[in-house]
Chemist: 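Structure below; questions to follow.
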Amino acid sequence: MRFSEFALTTLKEVPAEAEIVSHKLMLRAGLIRRLASGLFTWMPLGLRVLRKVEAVVREEMDRAGALELLMPAVQPAELWEESGRWDQYGPLLLRMHDRHEREFCFGPTHEEVITDIARRELRSYKQLPVNYYQIQTKFRDEIRPRFGVMRSREFIMKDAYSFDIDRDGMQASYDRMHDAYAAIFERLGLKFRIVDADSGEIGGSRSQEFHVLADSGEDAIAYCDEDNYASNIETAETSPSGDPRPDASQDLEKFPTPGVKTIAELCEMLGITAGQTIKTLIVEGTNGPVALVLRGDHELNAVKAQKLEGVASPLMMADDGVIRRALGAGAGSLGPVGMTLPVYFDHAVGNMADFSCGANEDGFHYKGVNFERDLPAPDTVDLRNVVEGDPTPGGKGTLSIARGIEVGHIFQLGTKYSEALGATVQDESGKNQVMEMGCYGIGITRIVGAAIEQNHDDNGIIWPGPLAPFDVVIVPINMHRSDEVREAAEALYSELGDLGFEVLLDDRDARPGVKFADAELVGIPHRVVIGDRGLAKGEYEYRHRRDTDSRDLKREEVLNLLKESAIS
RNA sequence: CGGGGCAUGGCGCAGUCUGGUAGCGCAACUGCUUUGGGAGCAGUGGGUCGGCGGUUCGAAUCCGUCUGCCCCGACCA
């Protein structure tokens, strides 16, 4: 491709809408342009990258025995009513109707459609296992689209669905996808981690997420390499410490704390740390509000809390009126002493002694509170997010916390959808069996953003080789004034093209600095500079995007080096 | 959806408080000079100042209203 024919516009200044690096760089390098909130056009350069991702995903899916098909993006409401999700899915689902007033939605996912296909196509256990996949545009009417392509409303997803006769078969299909996903992210050259996850809205039992590690990631991951453990923080479990509770050494004292509303304020007033306090959160319950008690420095884990008996799911904090009616005090002055609501204590609270907490009376707190003396010893449950240094569930190490971008998610669905839609096959004895399903998603468009988050510097993008829109950029210096330079550049351009490289020839009549800056912004891995200066010595200048210095090489050396890089 | 902010050429912004000629930088176009790290000079094009309504002799500027976008929270590939 000749730069002069590529209609690429790069930006020196960043549009104000962009906040994270990948979004800024994608706009500046001309990969994407925004149409409306959460809607992006993939420009020619960006599309080249997208296609690279697709190609790798497709190859590995095919290799794993999955079958590609393509389902409609628009889906009839009836199917969603059959699965029960028409009412469940809520505003995330973009609904519409046709000229006959029939209801449809723009598919946010395709469990319903694929299960419908499966129940029509699959008759016998002999046809199983089957794993269908597609690479297709989804729409989710996100509450808050942001970060460019990372959380857009329209996005491209690879979604796959496996069908098996029994649980063992499903497990095998799941394991194959697990391995295929690992191979995909490996090949794409991304640093990633596989973590245990909550199965959430889609339903089902086992589920794991694939996270690209990046500081800007929206998810927190708890992991421990010694113990071979990794989990989304949503599902990382804590257990009671085996240590005995210390004895009480202080007397219970109630004291005035006018204006103290937060743990931080309480700590400042008493000169203690948050770890010596207790916070009491009131959430909506299925049968009136429920109190959740955590150590002051810990964070409530919503996924864990909403699974507790009597707690409303999805989790909702009780509003101030409810709290006041139930306890006679505001949110800043609550505590477990004399608590009249059903209450859950976090494991970590069970080990506390001489702690401080609210007195359930506005403007008053207790200090020197102790279990078994001031309130009954608690049964404890897992309520909080793990923190750095917590023991692993296996007990062999301690947890570290990293941030990640979720680019893949695999689920064991079981029979949730096959049951609802009646997707059965006959088994060996001729009896109808409900098929066991798994589903497997990869955010194709998100991968592009995630790759940039992980691979960039001050000058721009540094594409991992397999993702690069071009392999090589040729930068001729003064091409329009030097016949030697022009001929050398043209010759190299066509030769590399013949060798199968994707080459960008920067044939613009621009100053060198402009070309260098664009080459770096766009992030093409290999750069070959050709100028009169080097040609006089029979040399080209080569530099990899990751290198800080360039090397003067003979033409043959450049060719060999590129050929070698293509093999590895 | 709740809270905060913004809307002025393609992009980044000033001007708004205190009403009176729409401006700067980048980008684009033309010409000349220049050519190894985002060049210089001269010139050109492009904006109903987000929409609608109001106040006023006069509105980018004041008032009302609507829309769009961004940021902070619950959702997710």
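No hydrogens, no waters, no symmetry mates; every other heavy atom, side chains included, goes into these values. Residue numbers begin at 1 in each chain, while the letters A, B, ... track the order of the sequences.
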Chemist: Tell me if the side-chain of A/Arg28 makes a donor-acceptor pair with the base of B/rG38, cut-off 3.5 Å, by modelled atom types.
Modeler: yes

Chemist: Using a 5.5 Å cut-off between ring centres and planes within 30 degrees, is A/Phe155 stacked on the base of B/rA77?
Modeler: yes

Chemist: Excluding sequence neighbours, so at least two apart, what forms salt bridge (Lys or Arg N to Asp or Glu O under 4.0 Å) with A/Asp219?
Modeler: none

Chemist: Please determine, for B/rA27, whether a Watson-Crick or G-U wobble partner exists with both distances under 3.5 Å, and give it or none.
Modeler: none

Chemist: With sugar-phosphate meaning primed atoms plus P, OP1 and OP2, does A/Gly408 contact a base, only sugar-phosphate, or nothing at under 4.0 Å between heavy atoms?
Modeler: sugar-phosphate

Chemist: Hey, does A/Val514 reach any base, or is it just sugar-phosphate, or nothing, if we go heavy atoms under 4.0 Å?
Modeler: base

Chemist: Nearest of B/rU35, B/rG37, B/rA77 to any side-chain atom of A/Arg543?
Modeler: B/rG37

Chemist: Distances under 3.5 Å between protein N/O atoms and the N/O atoms of nucleotides 25-30 of chain B, please, pair by pair.
Modeler:
unit_1: B/rG25; atom_1: N2; unit_2: A/Glu13; atom_2: OE1; d: 2.8

Chemist: Between the protein and nucleotides 66-74 of chain B, which nitrogen or oxygen pairs come in under 3.5 angstrom?
Modeler:
unit_1: B/rC69; atom_1: OP1; unit_2: A/Ser37; atom_2: N; d: 3.0
unit_1: B/rC70; atom_1: OP2; unit_2: A/Ser37; atom_2: OG; d: 3.4
unit_1: B/rC72; atom_1: OP2; unit_2: A/Arg144; atom_2: NH1; d: 2.9
unit_1: B/rC72; atom_1: OP2; unit_2: A/Arg144; atom_2: NH2; d: 2.3
unit_1: B/rC72; atom_1: O5'; unit_2: A/Arg144; atom_2: NH2; d: 3.4

Chemist: Can you give me the N/O atom pairs linking the protein to nucleotides 41-44 of chain B at distances under 3.5 Å, or say none if there are none?
Modeler:
none

Chemist: Let's test your reading of the model: under 3.5 Å, does the base of B/rG36 pair with the side chain of A/Asn478 as donor and acceptor?
Modeler: no

Chemist: Could you give all pairs that pass the side-chain hydrogen bond (donor to acceptor under 3.5 Å, both in side chains) test and reach residues 527-537 of chain A, with sequence neighbours left out?
Modeler: A/Ser482-A/Asp532, A/Glu520-A/Arg527

Chemist: Among B/rG12, B/rC76, B/rU35, find the nucleotide with the atom closest to the side chain of A/Pro15.
Modeler: B/rG12

Chemist: Tell me if the centroids of the rings in A/Phe6 and A/Phe470 come within less than 6.0 Å of each other.
Modeler: yes

Chemist: Please determine if a side-chain N or O atom of A/Arg511 lies less than 4.0 Å away from the OP1 or OP2 oxygen of B/rA39.
Modeler: yes

Chemist: When you measure only distances, ignoring hydrogens and angles, does the side chain of A/Arg151 come within 3.5 Å of the base of B/rC76 through a donor and an acceptor?
Modeler: yes

Chemist: Please compare A/Glu520 and A/Asp219 by the position of their nearest nucleotide in RNA chain B and report the one closer to 5'.
Modeler: A/Glu520

Chemist: For A/Asn455, give me all partners under side-chain hydrogen bond (donor to acceptor under 3.5 Å, both in side chains), at least two apart in sequence or on another chain.
Modeler: A/Arg546

Chemist: Which residue lies toward the 5' end of RNA chain B, A/Arg527 or A/Gly441, if each is placed at its nearest nucleotide?
Modeler: A/Arg527

